[in-house]
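The basis for the numbers below is simple: all heavy atoms, side chains too, and nothing from hydrogens, waters or symmetry mates.
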Amino acid sequence: MLSIKKFSGIFILFWVLTVLIYQNGLGSQFVDDYIAGIVRFMDVGWAGLADSYEFTSLYFGHNITFYGFYSLFGSSPVAWFLLFTGLHSLNAAFTYAFVKKLFSNNQFPAATTGATIISLLFLLSPYQTENVIWGATLHYAVSMVCMWGIIWLYTAYLNNSKTILLVCMYLLFAFSLVTLEISLVFPGVFMIVFGILWQPTISVSNILKHLKIIALPMAIIIVCYFTATYAFKGHFIGHYGSGTHMQFNPTQLIGAMWKYLAKLLGFVHWFPYEHKERVYVLFDNPKIAVTLLVFLSGALIGLYKYRKRYATFIVGWSLLIFVLLLPVLNMYFMYLNQGENDRLSYFASAYIYGIPVLLFMWFSGRLLWAYGIVMLAVCILLLQIQTQKWENAAAIQLKAADSPLLYNPNGNVYLLNLPVYYRGVYIYRNYNRFGWAREFYELPNVSASTKYILSYNLQNPSDSVIVSALPEPNTFKVELSTWGNWFWYGNKGAQNRADDDMTITLDEWGHSYTISIPELKPQDRLLYFSLNGWTEVKKP
């Protein structure tokens with residue numbers, strides 16, 4: 001596609017740009033799932049590889065890369081930062097080379113400009129931070145590199161027909177399957193690329209050739225993958241299970257696809273909540289979702305009469321988006337929290353950003369440049385805001401984990417407001433991870449004495465609670481200090497609960513709760529979290 005020299009130059013340029021843009025995210029990798037995974041490895045070592053560290057899917061590829069890198073570099077913030085920014089930049093460089101080759105093969109105008117804009121939007125999208133900053137998403141970038149590696153190997157095979165290239169291609173595909181399940185759609189991606197997009201004409205014999213070399217061998221590998229999953233795990237469908245991944249409601253899939261298009265192209269996630277909810281709920285209406293699809297289909301049919309190859313290319317491009325989104329279209333579409341689940345559109349994002357490019361490159365070079373400049377400016381602005389969120393979330397997580405007040409060998413420690421999210425960025429979504437964070441930072445084990453009451457999300461680093469003692473014995477009111485936050489229990493909205501130790505009653509209108517602890521002892525500690533860390537509540 002490109003010479004090694006040119007490709008290397010683009011990759012280095014993208015990497016430098018990514019490092020500069022994401023520099024606020026340095027040291028922010030170590031939150032939530034990342035710590036859970038590392039502590040698991042600290043406990044069982046490489047012996048856990050045999051059962052994918054008890055995960056429901058076969059994640060041998062992910063575990064080898066993730067724990068292999070940890071074994072070499074530990075939790076060095078610089079090493080992990082360079083790894084993630086490097087992989088993301090590599091995928092962006094591949095995107096540039098691939099898109100430019102597609103446009104050039106089809107003799108499209110402004111091929112270099114179009115490829116540059118698409119690859120830069122992929123590189124600098126604010127929706128990529130979860131994949132670039134968070135240390136738990138290594139398998140997304142690695143799987144995408146595998147996808148590009150397979151495409152590169154296959155194009156090399158088409159030029160010289162060396163069998164060893166096919167062998168490497170199949171091995172790389174097998175590795176990608178045990179790295180991330182989205183690889184299951186890769187055969188469909190390759191068929192669309194080489195059957196529809198790669199050449200200016202579509203040939204039945206050419207499609208059959210690709211079926212024989214790509215689809216059929218990879219289908220056999222997929223059958224082996226499912227068989228191995230059943231043998232190791234006792235089920236065929238891992239991760240969230242068949243109840244989620246095998247639900248295929250056509251109108252739901254179509255509606256979800258429109259949501260992703262609106263999210264990335266319109267930056268709807270950044271709207272005030274009530275406005276973005278209106279947009280996303282709109283696409284839940286089957287009539288609207290299907291009508292939009294029919295309208296788009298009609299427009300492409302009309303375009304086909306005038307520019308057959310251009311219309312056919314757009315159809316193939318759209319199918320590429322749909323196939324890359326297919327594994328996630330039946331999953332819950334998160335829009336309550338910015339940043340959460342943004343990783344799900346990582347593979348499709350470049351092609352989504354490419355839709356306006358395909359339109360403008362044929363009708364107006366000025367509009368193409370205007371689109372690129374405006375979109376990149378918005379992306380860079382929002383990306384800076386998003387990386388700052390990750391930096392603050394990581395700082396809050398560390399401050400919450402490290403306090404001498406948490407260590408109380410003589411009594412219990414009641415945490416009244418453990419941080420769970422900072423503006424949608426993860427902190428402690430699972431209470432187990434608080435103890436694991438202390439283990440990760442080599443702090444004393446406090447799990448036995450810690451009582452997790454409720455969590456809360458923060459909009460600003462200074463957000464906290466106001467705690468006051470009530471007249472009833474051992475009863476306290478805990479009120480959020482600012483509006484716009486709410487209480488959680490684990491990773492769900494908090495509800496009233498009672499057990500042998502305590503009773504918790506929420507006042508949803510007052511943004512507060514009361515807690516009664518009948519057997520509260522003098523040596524027990526009640527702690528609340530604020531900008532200064534943990535503070536002990538004075539008992540009456």
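At a cut-off of 3.5 Å, with distance as the only test, a side-chain donor of S447 or N445 sits close to an acceptor on the other residue. For the residue pair Y422 and N392, a side-chain donor N or O sits within less than 3.5 Å of a side-chain acceptor on the partner. With 3.5 Å as the limit, one finds no donor-acceptor pair spanning the side chains of Y67 and H62. No hydrogens or angles considered: a donor-acceptor pair under 3.5 Å links the side chains of S455 and Y431. Defined by atom type and a distance below 3.5 Å, a donor-acceptor pair is missing between the side-chain atoms of Y59 and T179. For the residue pair T251/N249, the side-chain donor-acceptor check at 3.5 Å is satisfied. W80 and S75 form no side-chain donor-acceptor contact under 3.5 Å, judged by distance and modelled atom types alone.
Atom OH of Y127 and atom OG of S345 lie 8.5 Å apart (nearest 0.5 Å). Rounded to the nearest 0.5 angstrom, Q386 CD and N24 CG are separated by 12.0 Å. The distance from the CG atom of L120 to the CD1 atom of I380 is 8.5 Å, given to the nearest 0.5 Å. To the nearest 0.5 Å, the span separating CG on L87 from OG1 on T18 amounts to 11.0 Å. The distance from atom NZ of K539 to atom CG of L526, rounded to the nearest 0.5 Å, is 6.5 Å. A distance of 9.0 Å separates CG of L58 from CD of E181, quoted to the nearest 0.5 Å.
Crowding of Q495 atom CD: a count of heavy atoms from other residues, nucleotides or ligands under 6.0 Å not exceeding 12.
Taking all atoms of both residues into account, the shortest heavy-atom contact from C146 to F175 is SG-CD2, 3.8 Å.
In terms of the side chain to side chain contact (heavy atoms under 4.5 Å, CB included) criterion, residue partners of L282 (sequence neighbours excluded) are, by chain and number, I288. For F60, the ring pair (Phe, Tyr, Trp, His ring centres under 6.0 Å) partners two or more places apart in sequence, or in a different chain, are F232. Applying the side-chain hydrogen bond (donor to acceptor under 3.5 Å, both in side chains) criterion to Y441, with sequence neighbours excluded, gives Q397. Every residue was checked against the side-chain hydrogen bond (donor to acceptor under 3.5 Å, both in side chains) condition with S481, not counting sequence neighbours, and none meets it.
Side chain of D402 to main chain of L398: no donor-acceptor pair is present (N/O by atom type, distance under 3.5 Å, no hydrogens or angles).
No side-chain heavy atom of Y456 sits less than 4.5 Å from a side-chain heavy atom of Y421. Side-chain contact check for F66 versus H139: every heavy-atom pair is 4.5 Å or farther apart.
Using cut-offs of 30° and 60° on the angle between ring planes, the pair H88 and F122 is tilted. Between W390 and W134, the ring-plane angle classifies as tilted under the 30° and 60° cut-offs.
Judged by a 6.0 Å distance limit and a 45° cone about the ring axis, R429 is positioned over the six-membered ring of Y426.
The existence of a salt bridge linking D342 and K263 is confirmed by a sub-4.0 Å separation between a basic side-chain nitrogen and an acidic carboxylate oxygen. Taking the charged nitrogens against the carboxylate oxygens, R433 and D33 do have a contact shorter than 4.0 Å, which makes a salt bridge.
Shown are N457, N417, N485; of these, the side chain to side chain donor-acceptor pair (under 3.5 Å) with D463 is made only by N485. The one candidate from I504, V478, L418 that meets the side-chain contact (heavy atoms from CB on, under 4.5 Å) condition with I453 is I504.
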Could you list the donor-acceptor pairs under 3.5 angstrom formed by side chains in residues 37-46, with sequence neighbours left out?
| from | atom 1 | to | atom 2 | distance (Å) |
| --- | --- | --- | --- | --- |
| R40 | NH2 | E54 | OE2 | 3.1 |

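For residues 275-292, the salt bridge (Lys or Arg N to Asp or Glu O under 4.0 Å) pairs, not counting sequence neighbours, are K259-D284.
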